[in-house]
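Note that these values count all heavy atoms, side chains included, but never hydrogens, waters or copies made by symmetry.
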Amino acid sequence: MGCKKPFSNTPETVLALPLKQEQKQESIVFIAGFDEGDNKYYANAKAYFSGKGMSIVDTLFSIEEIITWLNQRAKYHTSFNEIHIVSHSNAWLGMSLRTTKNGKRVTLEALQDVQRYHRFPKIQDGVTHRTKIVFHSCGLGENQELLRELKRAFSNTNTNSGLNSNESGPQVYASAFFNVFGGKFAGHYLARPYYGFYPTGASKGPLYLSEEFAKKYPDTRIDWFDAVKTRTETHAGVPYSYKFNIPVNWEFTFDEGSDIPTLEDKEALLDFISESPEIAATLFTLNIPIENYRWRWKLSGNRLQIKGKTTVLCVLAPILRDSHSSEYREPAVDDRLLYQIL
């Protein structure tokens with residue numbers, strides 16, 4: 001067997017040793033969902049960011065998968081300036097983004113549950129305190145508790161105390177307004193939302209709905225009748241509306257036949273709903289009046305199924321440069337009038 005002489009301590013040998021590779025700086029956009037029906041939110045967002053020359057990933061739909069992807073890139077000496085995450089969100093159902101690949105939609109409770117059992121991979125050096133993580137999720141900026149949990153998920157520490165320091169995690173951005181991509185007058189802008197509700201399939205018409213909006217928002221100067229009837233942007237800055245449904249479902253199994261309720265009509269069903277702690281808790285959290293749901297029920301043997309569905313009519317008023325302008329305000333993430341920053 002042969003042997004080699006040990007390395008000498010000469011400068012030539014030192015220079016021959018591998019040098020530490022420099023970190024590459026990147027920005028990335030995660031399109032964390034797919035379009036259904038006529039809604040082109042994700043396709044429009046992808047087109048918008050592609051037009052800006054940004055790298056797109058559109059095959060990952062959970063926080064777990066996104067962190068794993070970022071960690072893989074970090075192995076190749078990559079750190080991130082900006083991370084954009086596009087996901088549907090509303091105040092009632094949470095985010096379309098999932099916690100884990102086969103997990104629940106992101107809500108405060110679901111995220112806390114996953115964090116509690118350390119089911120997320122630990123974020124690596126690619127995400128630092130200089131990284132900006134921007135969530136393009138409608139209304140998310142109103143939920144500061146959820147934003148804090150999202151910051152924890154993308155931080156390299158799991159301690160609450162450390163998250164009060166910018167040195168311990170990335171900067172997280174989200175707006176309390178609605179994100180609109182692919183608009184007629186701007187590729188991306190923010191809009192202030194106003195909400196009305198009615199039982200799905202039982203609208204009383206635009207005049208009635210506009211009067212309900214006027215009662216609910218007496219200090220807001222919007223032509224509610226036109227806004228309720230208009231489904232697309234007609235002129236820059238003019239409010240318009242769109243609608244979506246929120247379903248609620250329960251199933252009860254009764255051990256004793258005497259416990260099975262007699263639901264002869266809708267009034268009897270509403271009495272049962274009002275007296276059920278489980279249903280009452282859900283409806284209290286959603287904060288939508290019970291009369292604004294369309295209710296259906298089915299009794300099969302000892303099983304009772306109850307289904308409700310409400311339609312949300314959302315009037316959107318684009319955020320303008322000022323009260324006398326018809327130009328949209330630039331959705332700059334560092335604008336603290338538009339974005340919450342943690």
Side-chain angles (χ1 to χ4, degrees), residues 35-42 44-45 86-96 136-143 174-247 286-294 309-331 335 337-340:
D35 292 318
E36 297 179 289
D38 296 331
N39 193 330
K40 301 301 180 185
Y41 181 74
Y42 293 113
N44 291 337
V86 181
S87 172
H88 278 309
S89 176
N90 63 57
W92 302 279
L93 300 177
M95 301 175 70
S96 294
H136 301 277
S137 298
C138 298
L140 180 60
E142 288 188 342
N143 194 336
S175 179
F177 302 119
F178 260 52
N179 282 272
V180 181
F181 289 99
K184 187 176 181 180
F185 303 100
H188 177 216
Y189 65 90
L190 300 174
R192 190 185 305 276
Y194 302 90
Y195 299 107
F197 310 93
Y198 60 85
T200 301
S203 169
K204 294 183 179 181
L207 179 59
Y208 175 85
L209 292 170
S210 63
E211 291 173 347
E212 290 295 297
F213 273 101
K215 292 176 185 176
K216 188 174 182 180
Y217 303 102
D219 299 325
T220 302
R221 298 181 62 184
I222 287 179
D223 187 331
W224 297 112
F225 186 67
D226 278 351
V228 165
K229 292 192 303 176
T230 305
R231 289 288 185 266
T232 59
E233 296 172 273
T234 55
H235 299 87
V238 175
Y240 61 98
S241 62
Y242 84 104
K243 58 184 179 180
F244 59 94
N245 297 328
I246 296 177
L286 293 175
N287 195 28
I288 300 173
I290 190 173
E291 63 270 16
N292 285 326
Y293 291 86
R294 182 193 68 193
K309 185 179 287 187
T310 184
T311 295
V312 182
L313 183 63
C314 180
V315 172
L316 295 177
I319 306 297
L320 305 177
R321 288 185 180 274
D322 56 60
S323 58
H324 303 292
S325 173
S326 61
E327 295 184 18
Y328 294 174
R329 189 182 184 111
E330 178 70 22
D335 185 343
L337 294 177
L338 299 181
Y339 286 86
Q340 293 288 333

Residues which pass side chain to side chain contact (heavy atoms under 4.5 Å, CB included) with P289, listed by chain and number, not counting sequence neighbours: E291, N292

Looking at side-chain heavy atoms only, is the closest gap between Y41 and H88 below 4.5 Å? yes

If you apply the rule side-chain contact (heavy atoms from CB on, under 4.5 Å), what do you find for N245 with V312, and how did you get there? CA-CA 6 Å; N245 297 328; V312 182; over 6 Å; no

Measure the shortest side-chain to side-chain distance between F177 and C138 over non-hydrogen atoms and say whether it is less than 4.5 angstrom. no

For D322, what residues pass the side chain to side chain contact (heavy atoms under 4.5 Å, CB included) criterion, not counting sequence neighbours? H324, S325

Working to the nearest 0.5 Å, report the span between CD1 of I246 and CG of L286. 6.5 Å

Could you check R329 against I319 for side-chain contact (heavy atoms from CB on, under 4.5 Å), going step by step and ending with a plain yes or no? CA-CA 6 Å; R329 189 182 184 111; I319 306 297; 4.0 Å; yes

Ignoring hydrogens and angles, write down the donor-acceptor pairs under 3.5 Å from the side chains of residues 178-188, residues two or more places apart or on other chains.
from : atom 1 : to   : atom 2 : distance (Å)
N179 : OD1    : H188 : NE2    : 2.9

If you take all heavy atoms of F213 and L313, which pair is closest and at what distance? CZ-O, 3.4 Å

Any residue meeting salt bridge (charged side-chain N to carboxylate O under 4.0 Å, His left out) with R321, in chain and number order, not counting sequence neighbours: E327

Results of ring-ring contact (aromatic ring centres under 6.0 Å, His included) for F225 - residues two or more places apart only: none

Scan for side chain to side chain donor-acceptor pair (under 3.5 Å) pairs involving residues 200-214, sequence neighbours excluded, and state none if there are none. T200-T311

Enumerate donor-acceptor pairs with a distance under 3.5 Å from any side-chain N or O in residues 189-198 to protein atoms, sequence neighbours excluded.
from : atom 1 : to   : atom 2 : distance (Å)
Y189 : OH     : E233 : OE1    : 3.4
Y189 : OH     : E233 : OE2    : 3.1
Y189 : OH     : Y240 : OH     : 2.8

Can you confirm whether F244 sits close enough to N90 that some side-chain heavy atom of one is under 4.5 Å from a side-chain heavy atom of the other? yes

For S137, which residues count as a side chain to side chain contact (heavy atoms under 4.5 Å, CB included) partner, sequence neighbours excluded? S87, S89, M95, F135, L140

Provide the full list of side chain to side chain donor-acceptor pair (under 3.5 Å) pairs with a residue in residues 220-231, sequence neighbours left out, each pair given once. R231-S241

